[in-house]
Protein chains: 2
Amino acid sequence: MSETIQGLAVELKQTFLDYLASKGLKNTTQRMIILEVFLEQKSHLSTEELYLKVRGKNPKVGYATVHRTLKLFAECGIAAERHFGDGQGRFELVHGEDHHDHLVCTGCGLILEFENPQIEELQEDVARQHRFTIENHRLELYGLCPACASK
Amino acid sequence: MSETIQGLAVELKQTFLDYLASKGLKNTTQRMIILEVFLEQKSHLSTEELYLKVRGKNPKVGYATVHRTLKLFAECGIAAERHFGDGQGRFELVHGEDHHDHLVCTGCGLILEFENPQIEELQEDVARQHRFTIENHRLELYGLCPACASK
DNA sequence: ACATAATTGAAAATGGTTGTCAATATAAAC
DNA sequence: GTTTATATTGACAACCATTTTCAATTATGT
C-alpha cells in the first residue's frame, strides 16, 4: 500500500518536472520542497496552511513562492484549486481522470470526497439539453457531519 | 403575465418589510430604492453592478449601503449569494422553495439556470450514505454556450 | 415634537491574492 | 569549470472585493 502511495508521489513529481522542462522553467530547491510537503499533507490545504507547513521544513521559503508554485501545480494538472465558501482557495491532489465532488461540514470544516457516476451522467444530459460544451463542473453539498449533527 | 411578475415583486417586497419589522430594523428610502432596482434587473448581479444601477436612479446612495442591503436580502430569503469563480459574489432572486443550479459559459459569462430533481435525489442518497445532514448545495457546470462553442 | 436607536455615506481597514524588482540561482553554452 | 542568458526568489507593495468604523442623519414609538 505504501508502495503505491510512493509510486503515485514519484509519478506526480515526474509530471511536474516534465511540465517545467516543457515550458523552459527551472527545477529549484524551493519547488521541490513545496511539492514534497504538498504530497505529504492531506488534501484541501489553503495557500496559507501549506506555507506554514513548508516553513516548518525550511523557513527561508516565502509565501509568494508557495503561492506561485501551487498555481504551477494546477497548471500542470497535478493539483486543482477549489473554493468552499470561506473566501480562500484550497488545493487538492488530482490523480488521473477520476473526478470527485465534495461534502463539506459547515460545523467543523470537514471535507469528504465522493464520486457518483449517475450524477455525472445527468449533468451531461442537462448540458446536452442546453447545447453546452462542458469543460468542468463542481458540486458541493453543505451540511453537518454525523459528529456535528449530534451536538 | 406582467401581473404575476408584479405580484411577485409585491410579495418579495412584503417579505422584506416583514423581515425588517421582525428584527426591529427600519424601512428607509435607500433600502426601497435598492430593492426596486434589484427586482428590475436580471439576476446574478454583483454588488458593484447593482451599485452602478442604483446610482443611476439616485446618486446619493453609497456602495456600503448597497452591500449591506444585499446581505439583508440574503438574510430574509428573497435573495441568495453565489460565487462563480470570478472572485466576486453575485446575488440572485429566490422565488419560493424551488432550488436551481447553473450553467456558466466560460466564454461570455452567460449564466443559465436549470432544475433537475433526479440530481437532487441522488445528492440526498450521497448525503445519507455519509450520514450528513444537508443544509444546501451548489452545482455549477462550466463550459461553452452554443454561441461561444461555434467560434 | 422628543427621545431612542438604527442607518447612512465616506473613508479606512481587512484579508486573500497578485505584481514588482533587485538579488540570486539555474541550465546551457563555451 | 567558467561564462552567459534567463528564470526564480523573497520582501514588500499593490490590488480588489468586502467589511468595518464613526460622526452625522433619519426613522419609529412615546
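The sequence lines fix the lettering, A, B, ..., with proteins before strands; numbering per chain opens at 1.
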- Query: If you pin B:Leu20 and A:Asn27 to their nearest nucleotides in DNA chain C, which one's is more 5'?
  - Reply: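 That would be B:Leu20.
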
- Query: Between B:Glu75 and B:Lys23, does at least one N-O distance fall below 4.0 Å, as a salt bridge requires?
  - Reply: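 Salt bridge absent between B:Glu75 and B:Lys23.
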
- Message: I'd like to know if B:Lys57 and B:Glu36 make a salt bridge, using a cut-off of under 4.0 Å between side-chain N and carboxylate O.
- Response: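 Judged by the 4.0 Å cut-off on N to carboxylate O distance, B:Lys57 and B:Glu36 do not form a salt bridge.
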
Tell me the interatomic distance from [X], atom [atom1], to [N], atom [atom2], rounded to whole angstroms.
X: A:Leu17; N: C:dT26; atom1: CG; atom2: P; result: 14 Å
X: B:Lys60; N: C:dA10; atom1: NZ; atom2: C1'; result: 15 Å
X: A:Lys71; N: C:dT17; atom1: NZ; atom2: P; result: 8 Å
X: A:Asp86; N: C:dT17; atom1: CG; atom2: C1'; result: 14 Å
X: A:Leu25; N: C:dA27; atom1: CG; atom2: C1'; result: 12 Å
X: B:Phe16; N: C:dT7; atom1: CZ; atom2: C1'; result: 12 Å
X: A:Tyr51; N: C:dT18; atom1: OH; atom2: C1'; result: 16 Å

- Message: Under 6.0 Å between ring centres: does that hold for B:Phe114 and B:His100?
- Response: no

- Message: If you take the centroid of each ring, where Trp contributes its six-membered ring, are A:Phe91 and A:Phe73 closer together than 6.0 Å?
- Response: no

So what does [X] hit on the nucleic acid, given a heavy-atom distance under 4.0 Å: a base, only sugar-phosphate, or nothing?
X: A:Lys23; result: nothing
X: B:Arg68; result: base
X: A:Ser46; result: nothing

- salt bridge (charged side-chain N to carboxylate O under 4.0 Å, His left out): pairs with one or both residues in residues 83-92 of chain A, sequence neighbours excluded: A:Glu49-A:Arg90, A:Arg82-A:Glu92, A:Asp86-A:Arg90

- Query: From B:His137 NE2 over to B:Ile119 CD1, what is the distance, rounded to the nearest 0.5 angstrom?
  - Reply: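 So the gap between those two atoms works out to 8.5 Å.
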
- Task: Compare side-chain N and O positions of B:Gln30 against OP1 and OP2 of C:dG9 and report whether any pair is under 4.0 Å apart.
- Result: yes

- Message: By nearest heavy atom, map B:Glu81 and A:Ala64 onto DNA chain D; which one lands nearer the 5' end?
- Response: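 Upstream on the strand: A:Ala64.
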
- Closer to the 5' end of DNA chain D via nearest nucleotide, is it B:Lys26 or B:Tyr63? B:Tyr63

- Message: Using every non-hydrogen atom in the two residues, find where A:Ile78 and A:Leu35 come nearest and quote the distance to one decimal.
- Response: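 A:Ile78 and A:Leu35 have their closest heavy atoms at CD1-CD1, 3.9 Å.
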
- Under a criterion of less than 4.0 angstrom to any heavy atom of chain B, what are the 5'-terminal and 3'-terminal contacting nucleotides of DNA chain D?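 Answer, 5' to 3': D:dA17 to D:dT28.
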
